[in-house]
Amino acid sequence: MARADACAGRTLGELARRLGLPVPDDLRRHKGWAGNLVERALGVEAHGRSGPDLPELGIEVKTIPVDSKGRPHESTWVCTAPIDSFEPGPWRSSPVRAKLAKVLWMPLLDADVLADRRVGAPILWTPDADEEETLARDWDALSELLAEGRVDQWHARHGVALQLRPKAARADDRVWVVDADGEWVQTNPRGFYLRTSFTKAVLAREARLLNP
DNA sequence: ACTTGATCATAC
DNA sequence: GTATGATCAAGT
């Protein structure tokens, strides 16, 4: 947290200069740049590897683009959705819960120029009872759709907090799955995301705790 | 304006 | 190919 606090208020340009890294003109071809930069600034040693960013602490680090009032602009990637011969399990042992058990949110404030975007106040979050219940309900519904092979329902319009979305390099990427009729069909890979509205509520709640 | 579906780079 | 890091941009 000391390292995270030390990043707060700094611009991405400052962090990059300190690490000797170039700043791209924009993120169109560097979508993970800011996330990787902040991880390096935090001294995350495991970046690029599987598992939590801070394995000893079980903490996942996520940058989140926000406006001047701390409201997120984007949904948040969670993890790949298991769509190939998937056996549904309880929320408690789900990959989504494992990923979200402890998240260090690093807000990145808007700016006209990428290098001028500033890091906001870091937030170490664990889902509270209400959030956990919302996530669990979404998990139960979505994992059932996945397990039943209802491929036509594998779209982004389900879920209050969690949603299913395509996750691939290209729209024509395909994987084989067994559909509801037991037939092998092809579909694109999916992933779990947190809706912007959910993350917005999380950050607002945490902000109130910091600033009652 | 906002959401859904599509996309980009890199490591292993 | 799958995982990491996400944002872009078409669709509604």
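These numbers were taken from a predicted model, which means no experiment stands behind them. Letters A, B, ... mirror the listed sequences (proteins, then strands); counts begin at 1.
Positionally, the nearest nucleotide of DNA chain C for Val175(A) lies more toward the 5' end than for the other of Val175(A) and Ile64(A).
Judged as a salt bridge (charged side-chain N to carboxylate O under 4.0 Å, His left out), not a single pair has a partner in residues 107-117 of chain A (not counting sequence neighbours).
On the nucleic acid side, DNA chain C contacts chain A at distances under 4.0 Å to non-hydrogen atoms, with the end points of that region at dA3(C) to dA9(C).
In terms of heavy atoms, Ile83(A) sits closest to Pro189(A) at CD1-CA, 4.1 Å.
No side-chain heavy atom of Trp91(A) sits less than 4.5 Å from a side-chain heavy atom of Arg137(A).
Salt bridge status for Glu14(A) with Arg18(A): absent, with no side-chain N to carboxylate O gap under 4.0 Å. Using a 4.0 Å cut-off between a side-chain N of Lys or Arg and a carboxylate O of Asp or Glu, Arg97(A) and Glu132(A) qualify as a salt bridge.
Using a 4.0 Å cut-off on heavy atoms, the residues of residues 22-29 of chain A that approach DNA chain C are Leu27(A), Arg28(A), listed by number.
For the residue pair Glu206(A) and Trp105(A), no side-chain donor N or O sits within less than 3.5 Å of a side-chain acceptor on the partner.
Summarising the hydrophobic clusters (Ile, Leu, Val, Met, Phe, Trp, Tyr; side-chain heavy atoms under 4.5 Å, direct or chained), the residues clustered with Val23(A) are Met1(A), Leu12(A), Leu15(A), Leu19(A), Leu21(A), Leu27(A), Trp33(A), Leu37(A), Val38(A), Leu42(A), Val44(A), Leu54(A), Leu57(A), Ile59(A), Val61(A), Leu104(A), Met106(A), Leu108(A), Leu114(A), Val119(A), Leu124(A).
With rounding to whole Å, Leu21(A) atom CG is found 13 Å from dT10(B) atom P.
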So which protein nitrogen or oxygen atoms get under 3.5 Å of nucleotides 2-6 of chain B's nitrogens or oxygens?
from, atom 1, to, atom 2, distance (Å)
dT4(B), OP1, Ala156(A), O, 3.3
dT4(B), OP1, Arg195(A), NH1, 3.3
dT4(B), OP1, Arg195(A), NH2, 3.3
dT4(B), OP2, Gln163(A), NE2, 2.8
dT4(B), OP2, Arg195(A), NH1, 2.6
dG5(B), OP1, Arg157(A), NH1, 3.0
dG5(B), OP2, Ala156(A), N, 2.8
dG5(B), N7, Arg165(A), NE, 2.8
dG5(B), O6, Arg165(A), NH2, 2.6

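In this structure, CZ in Phe192(A) is found 5.0 Å from CG in Leu146(A), a value given to the nearest 0.5 Å.
Inter-axis angle, ends of the helix from dA1(B)-dT12(C) to dC12(B)-dG1(C), five pairs per end, rounded to 10 degrees: 30°.
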Run the side-chain contact (heavy atoms from CB on, under 4.5 Å) test on Leu145(A) and Leu164(A) for me, step by step, so that the C-alpha distance in whole Å, both residues' side-chain angles and the decisive distance to 0.1 Å come before the verdict. CA-CA 10 Å; Leu145(A) 293 177; Leu164(A) 269 178; 5.6 Å; no
